[in-house]
Amino acid sequence: MSNLKSLVEVKRRFQRSVNINSDISSGKDSLEGYQLLTSGVNVLNNIAEHISQTNQRAFTITGAFGSGKSALGLYLCCLASRTEAIKKQALAKLERYSEYSEIKSVFSDRRYDLHVLTGRQGSIEDDLNNSLFGSSATGSLIENIESFNKSKKKDKLVILDEMGRYLSENLFDNCAALQNFAEAINQEGSKIVFIGILHQNFTAYAQLSPEVHKLEWQKVQGRFLDTPLVSHSEETLKMLSSALALVSPNSGNRAYSDKSINSTLKFLSSQRKIDKKKYLQTFRESWPLNPVVCLILGPIAKRGFWQNNRSVFNFLTSQEPFGFQDFLGTTSQDSPDLYGPVELWNYLEANYGFIIASDSTERRNWSVALDCIARTEALDQKNAVNLVKAISLLFIFAGTSGIKPSLLVLKASFPQLEEQEISSLLELLKERKIIVEKRHSESFSLFEGSDFDFDQSYEKVSIAEINPTVANELVNLPVLVARRNYVKTGNLHWFPCRLADAATVSDELEAPAKGASGKLIFWLGQGSEDEIKRSLRSVKEGTTGINLIGIPSNKDEILSMSIETQRINQLRQEPALEGDRIARLEVDAIFNSAKERLNSLIDKAFDNSKWYIGGEYLRTVKDVTELNKLLSDLCDEHYKFALALNNELINREELSPNIKTARKNLIHRMLAHEGEDDLGFEGMPAEAMIFLSLFKEKGLHVRNSHDRFSFALPQECVSLNELWKTSSEFLSASNPVELTSLYSLWGQEPFGIKKGLMPVLLFFFYCLNKNSLTFYIENNYQAEITTELIELLLARPELIQIKNYISNAKDSDITNALFEYLQKCDKTLTDKTPLAVARALVKKVFLLPKWLFSTSRASAESKKFCEVVLRASDPIELLFNSIPELLNARTSKELLPKIIGCFNELELLTNSLCRRGQSKVKFRQKSVG
């Protein structure tokens, strides 16, 4: 009699690993049977967005063995192919996704020279140089890239498969080569796009390397944008069904299959919202695999012990004992039997049992399972043994599969058994303490030796109402980003979600947002919708931020699950658990499960939720995507004068230590090299990249009428003009303004400037207004911008004050008189503004020897003059009030001679004492002689 192999086979494409170099040469057949999944589209779209909107050109795609990285790389080659037929076939697989246009415009519409490499143990610099520019090319890789970027040749797309082979510990030279390569192509105008494919990021390959090597690999990782390829359970299901080829759609005896599918669908529907029709079709196309096996194969394939097996598709073609091919070869084509959890357990035990038993993360549960199976075998009931094997499989490996050993799942695992027989066997196993029933989660688990009764203890915990403050700390609430606004302006506006009721909503609104642009608060209060509206209108909102209050459609479910999660969390504090490790593990597992269910409910809370702002109804959104668009609309409206800057190095709230240093270096460059082209930068350090993206690109540093370069503020730069206009008015108060107050103004609507960028903009405005902007340290006037002032301003802005002085005609007499005198000894003084003259005056006093201020030889008036100048907190007050009052002079004719007299006295005294000192030295030298 024929077996199932006459009805089922694994498609050729899934019987081998992808080799991009060889497969791309097969022409149109290279994409035959390929399934482009959402995870792959997300990776391609992420890369495409960065190519089109930033200077990033160095990327990596990482993922576990068998996750489809190389297949995605092959698809990308087809997408960028010169052969129109191949490109058309690739685009056809992409058409159903919303990301179609973005990906097509970057990879298909642009014309690339395609270079495909496979990693090896060798020099990556030599291999890239030979591939990109030919073996006969002269010059280094970086030199050739610089020359190529200046040419008019077509762009190059480089796909490097098995990149990890270049990252071995004995190939550390490749570290510097990769860093230099990435820096060379991550530049404006770069014509090379590089995509490396590897199993893990760079730092993971350096785990066994010396610490200094690890740090270097971390630097390299920062030059590449990593895009992980992570397949979801539904994608694994789709791939499984695609891998199996049936003689006809309804081949074989489906009696058990239909029963198993129905039970599985009932279970999945009870856990979350699913597309039943889609799952039904997928499970039917996966015959003769039991649906439970289909769901659990993905999580098993990701376990460490099975990584060398490469993928679930190797399992489908493996000839190992108890494997899928063994089942097909030994099962009649008329049999209704399925390859179920028992067969999968036998396969793992026979082929991987020793490896699992030695795995530190698996061995404990594996030992518990083997013990329970051995005790069940003593009962001499085959079905009971099979039941424990199925529970063991789910107990150890279910992971993120979304299934658990509930009655429905066990019915799906054993469609040949009636529910009554399964229930009877479960009662027997419970009685013999081989398994335990977890009523709270409606599932069964292996008995691990603990007598803790969770259900009984849970009932004793009394929490009748939700405490939103506690609930907010227990769950991982989502954070939404105004994505469209971010792509448009480069400003990251993010909104954390919070839970609140009538008693806590005011506190939530008034609490600091900690860098966020607002909050999304889910209202969990009681009462009718009209009562809720009245409550929301009475809430006093915080003074800043875009705060939205939403009423979720599943509010009651979230409330109920929140209370349950809080009760379980309180149970975790019970003293009875302190000495019972197994019980603690059980309660922690239940708690984590409850948190996951609560998080799942909160994820669904966005669907058809009603949102209010300022107590007024705003809109009902159908899902999180629509809410994200609403947030972008609100950010566009509230931050209408936001500075558009697509530079993630500086345009953020918190900077890395390296970028803080780059920011400080840029500020010093702005002050010392303003007159030079590109501030005199050589090479492309981080501070130069910030300068180019902010000042050069926006026309803020230009050649002036004196054929020198200087900062400028063109009218078309509306955002910065509005920012300076507002700042100028804010700083024109009679007293200096706290710098933190100015920063606070910049961070609010309608500007939304990020903290990391603020000091750079401050010194940009200073360069434009050197004759009117003044700095103070703890209200003490600073005549010059010193290194110490910059350091303090960056580290402790709360100690700095600032003022913008606008001169008037009344000041001109005294200013002009002092200007003529001070310019004779200070050639840097070129402006007759009061502020510039006051600075020069303070500078002249500051340069006098300090002993003059205390010597009895100087007159009281001269010493007092120096003291007043050095202690001045306001240069304008000093120039027009303090000094004239001290010297009893009100006009320039009276004032100037007295100031000159003070300086002359002090300078004569200095010269006299210097000459006396020189005479004494000469006398002593003669005496010694």
Side-chain angles (χ1 to χ4, degrees), residues 489-491 641-647 649-653 655 659-681 685-704 708-732 737 739-747 750-775 782 784-787 789-794 797 800-805 831 835:
T489 69
N491 296 310
F641 293 128
L643 175 65
L645 179 62
N646 292 105
N647 187 319
L649 296 177
I650 190 73
N651 195 17
R652 56 196 305 168
E653 290 294 311
L655 305 185
I659 301 305
K660 284 182 179 179
T661 301
R663 179 179 64 182
K664 181 173 66 175
N665 293 341
L666 174 59
I667 290 171
H668 282 289
R669 280 270 175 181
M670 292 169 65
L671 297 172
H673 299 273
E674 180 182 355
E676 299 177 38
D677 187 11
D678 292 342
L679 300 186
F681 280 117
E687 52 265 35
M689 295 174 66
I690 298 170
F691 167 79
L692 291 174
S693 62
L694 174 58
F695 297 111
K696 190 79 170 181
E697 186 176 307
K698 297 183 183 299
L700 304 179
H701 189 251
V702 296
R703 191 183 297 272
N704 58 32
R708 295 274 293 171
F709 283 85
S710 61
F711 288 104
L713 185 53
Q715 283 297 120
E716 55 268 24
C717 193
V718 177
S719 57
L720 287 179
N721 274 288
E722 286 294 332
L723 182 62
W724 174 241
K725 178 183 175 183
T726 304
S727 302
S728 178
E729 294 172 357
F730 185 69
L731 296 173
S732 297
V737 176
L739 179 58
T740 50
S741 299
L742 179 66
Y743 282 174
S744 177
L745 175 71
W746 287 3
F751 306 111
I753 304 296
K754 300 300 179 184
K755 290 180 181 177
L757 182 60
M758 288 178 181
V760 178
L761 290 181
L762 177 65
F763 281 100
F764 167 65
F765 288 136
Y766 170 77
C767 289
L768 294 174
N769 302 277
K770 291 178 182 176
N771 296 321
S772 61
L773 273 183
T774 56
F775 288 92
Q782 303 299 301
E784 291 187 314
I785 305 297
T786 61
T787 299
L789 173 61
I790 296 173
E791 295 278 359
L792 195 62
L793 185 146
L794 294 173
I800 306 298
Q801 296 78 38
I802 188 170
K803 183 179 178 181
N804 185 41
Y805 174 75
D831 294 305
L835 188 58

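Just the heavy atoms: all of them, side chains too, but no hydrogens, waters or symmetry mates, feed the values below.
- Minimum heavy-atom separation, Leu794 to Pro797: O-CD, 4.2 Å.
- Side-chain atoms of Ile753 and Asn651, non-hydrogen and from C-beta on, never get closer than 4.5 Å to each other.
- With Asn646 contributing its side chain and Thr489 its backbone, the two residues share no donor-acceptor pair below 3.5 Å.
- Classified by interplanar angle (parallel below 30°, tilted 30° to 60°, perpendicular above 60°), the ring pair Phe764/Phe695 is tilted.
- Counting only heavy atoms from C-beta outward, the side chains of Leu723 and Leu643 never approach each other to under 4.5 Å.
- Between Trp746 and Phe751, the distance from one ring center to the other does not fall under 6.0 angstrom.
- Here the options are Leu739, Ile790, Ile667, the test is side chain to side chain contact (heavy atoms under 4.5 Å, CB included), and the partner is Pro759; only Ile667 passes.
- Using modelled atom types, no side-chain atom of Ser728 and backbone atom of Trp724 make a donor-acceptor pair closer than 3.5 Å.
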Original post:
Step by step, would you call Arg708 with Glu674 a salt bridge (charged side-chain N to carboxylate O under 4.0 Å, His left out)?
Top reply: CA-CA 9 Å; Arg708 295 274 293 171; Glu674 180 182 355; over 6 Å; no

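- When atom types are taken as modelled, the side chain of Ser693 and the backbone of Asn647 share no donor-acceptor pair closer than 3.5 angstrom.
- Summarising the local packing, NZ of Lys698 is surrounded by more than 12 heavy atoms from other residues, nucleotides or ligands at distances under 6.0 Å.
- Side-chain contact check for Asn665 versus Glu687: some heavy-atom pair is nearer than 4.5 Å.
- Judged by a 6.0 Å distance limit and a 45° cone about the ring axis, Arg669 is not positioned over the six-membered ring of Phe691.
- In this model, no donor atom of one side chain and acceptor atom of the other lie less than 3.5 Å apart for Asn769 and Asn804.
- Two residues are said to be in side-chain contact when any heavy atoms from C-beta on lie closer than 4.5 Å; Phe775 and Ile800 meet this criterion.
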